[in-house]
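Report on the following structure.
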Amino acid sequence: MAIEITMPALSPTMEEGNLASWTVKVGDKVEPGDVIAEIETDKATMEVEAVDEGTVAEILVEAGTEGVKVNAVIALLAEEDEDPAEVKGSGASKSADAKPQKNLPDPEKAAARDDAKASDTSSDGGAGHGKPQPAAGANGSGKTDVPDSVKAGPAPTKDGERIFSTPLARRVAQQKGIDLASVSGSGPRGRIVLADVESAKPGEAPKAAETPKGEAAPTAAAAPAPMADDAVLKLFEEGSYELVKHDGMRKTIAKRLVQAKQTVPHFYLTRDCKIDALLKLRSEINKSAPVMKGDDGEKPAFKLSVNDMVIKAMAKALMAVPDANASWTEDAMVKHKHADVGVAVAIPGGLITPIIRKADEKALSTISNEMKDMARRARDRKLKPEEYQGGTTAVSNLGMFGVREFAAVINPPHGTILAIGAGEKRPVVTDDAVAIATMMTVTLSVDHRAVDGALGAELLDAFHGFIENPMSMLV
């Protein structure tokens, strides 16, 4: 029986990706662990490894195809005792059948296909039997180990209508005693995926709001719809513009920013920081950096930037005010034990936020070198999902563009984000006398659900203390 290779889910939120290239061709023999393809997500290009041994019998989705849905069959492997020529063509009806930008797979058909082979599938998001896995170090999309004895069962129905769900979601739901009819799907076209089942409670069913007798049921206010494309284009003279199609990154950024501003109650705190002492300490540390010999000659082992010191100060401030190092969920407050600081990096077509893990414990030189490495790989779209997903807070610095101050949008699950303005000479009053000092304006955006006003002010005050007395970051 032919082994199907499907489009893998390389992150928990991935719904589709671009098949950038194949590293194998028809007739090649592959073994578990062999890199067989490169997949582009909205923010990274990742290698995909084979899980099973076999011979490549047919490639169903050509290199360069965009918008391939997760779980779409992209290639077929012939097993050891099979003739690849006989296998070829057996998966044509199940393939994505996609040319670039055309004929994207129907999620409902993909679900039906999954049901037919449920007993052979061992994980959600395309990481099961005969399916490629992310290369070592890639995020496994929250893989859950499920005993083989737990069967997915037939596709469930509700009021005669089929409930679309993945095989693993059905297995876990059966194991936990969860009725899929009570679960809302977050996958394509409402398909129920593993994350939906894991967040549901056994025996829980949707509750309908009670309406007083004789009164009409209230309806939720719909969010205002954006202007249709045609309506926007009619506002401009024909020929006075060009259309640049959105890529996956731009769509993801737009979706997350809209979600953040609609669901996170922001408030903002602004403060000026005197950074003359910080600039002096930075200069002294850089001068003391040891010289290292490399292929391109001798160079300092590190070179601190102001941003590196801001990252450290923010991490130390969160440790000093631990109640502000939190993320909001509907059921509980997530209190973090370390400060994982995301840093906004501009890349062609958008931005990404690589994360300095446990920045509160790391030396400034370590933070500086990690940040330079991740920023370089971010621009090449080579970051792994675990390097830019999660985090407890973030820093966004536009000072290098001469921006004096701005307010940044919180990126959930962060509870805060710090916007950094330019350091500039300003007149300040010290001891009733006017003097010139280098000042930097910072604005803390705060999720009011997780951090109240006084707590946010306490966090910003702690940050201000570390910036104006930078030696305290080193002890």
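- Between Arg357 and Thr392, the side chains place no donor N or O within less than 3.5 Å of an acceptor N or O (distance only, hydrogens not considered).
- No more than 12 heavy atoms of other residues, nucleotides or ligands shown are found within 6.0 angstrom of CE on Met292.
- Arg404 and Glu424 are joined by a salt bridge, as a carboxylate oxygen and a charged side-chain nitrogen come within less than 4.0 angstrom of each other.
- A donor-acceptor contact shorter than 3.5 Å links the side chain of Thr23 to the backbone of Ile36.
- No donor-acceptor pair closer than 3.5 Å links the side chain of Arg426 to the backbone N or O of Ala437.
- Looking only at distances, no side-chain donor or acceptor of Thr416 sits under 3.5 Å from a matching main-chain atom of Thr393.
- In terms of the side chain to side chain contact (heavy atoms under 4.5 Å, CB included) criterion, residue partners of Thr366 (sequence neighbours excluded) are, by chain and number, Lys362, Ala363, Glu370.
- Between the side chain of Thr329 and the main chain of Ala332, a donor-acceptor pair closer than 3.5 Å is present.
- Remark: Ser368 pairs with Leu304, Asp308, Lys372 by the side chain to side chain contact (heavy atoms under 4.5 Å, CB included) rule, at least two apart or across chains.
- More than 12 heavy-atom neighbours from other residues, nucleotides or ligands sit within 6.0 angstrom of OH on Tyr241.
- A donor-acceptor distance shorter than 3.5 angstrom exists from the side chain of Trp22 to the backbone of Val61, with no hydrogens or angles considered.
- With Ser283 contributing its side chain and Lys280 its backbone, the two residues share no donor-acceptor pair below 3.5 Å.
- Sorted by first and then second residue, the side-chain hydrogen bond (donor to acceptor under 3.5 Å, both in side chains) pairs with a member in residues 465-475 read His464-Glu468; sequence neighbours excluded.
- By the neighbour-count criterion of 12 heavy atoms within 6.0 Å, atom CD of Glu238 is sparsely surrounded, having that number or fewer from other residues, nucleotides or ligands.
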How far apart are the C-alpha atoms of Arg381 and Asp247, what are their side-chain angles, what is the distance that settles it, and do they pass the salt bridge (Lys or Arg N to Asp or Glu O under 4.0 Å) test? CA-CA 14 Å; Arg381 298 200 179 191; Asp247 61 10; 3.8 Å; yes
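- A distance-only check finds no donor-acceptor pair linking the side chain of Thr438 to the backbone of Asp276 [under 3.5 Å].
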Got a list of side-chain donor-acceptor pairs under 3.5 Å for residues 447-460, not counting sequence neighbours?
| from | atom 1 | to | atom 2 | distance (Å) |
| --- | --- | --- | --- | --- |
| Asp447 | OD1 | Arg449 | N | 3.0 |
| Asp447 | OD1 | Arg449 | NE | 3.1 |
| Asp447 | OD2 | Arg449 | NE | 3.3 |
| Asp447 | OD2 | Arg449 | NH2 | 2.9 |

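- Asn369 contributes no side-chain N or O that, together with a main-chain N or O of Phe302, makes up a donor-acceptor pair within less than 3.5 Å.
- Of the charged side-chain nitrogens involved, at least one lies within less than 4.0 Å of a carboxylate oxygen, so that Lys25 and Asp28 count as a salt-bridged pair.
- Looking at Asn397, its side chain does come within 3.5 Å of a backbone N or O of Gly399 through a donor-acceptor pair.
- Under the side chain to side chain contact (heavy atoms under 4.5 Å, CB included) criterion, Lys358 pairs with His338, Asp340, Asp360, Glu361, not counting sequence neighbours.
- Qualifying side chain to side chain contact (heavy atoms under 4.5 Å, CB included) partners for Thr263, counting only residues two or more places apart in sequence or in other chains: Gln259.
- At a cut-off of 3.5 Å, with distance as the only test, a side-chain donor of His336 or Ser327 sits close to an acceptor on the other residue.
- With respect to Asp373 and Arg376, a salt bridge is recorded, a charged nitrogen being found less than 4.0 Å from a carboxylate O.
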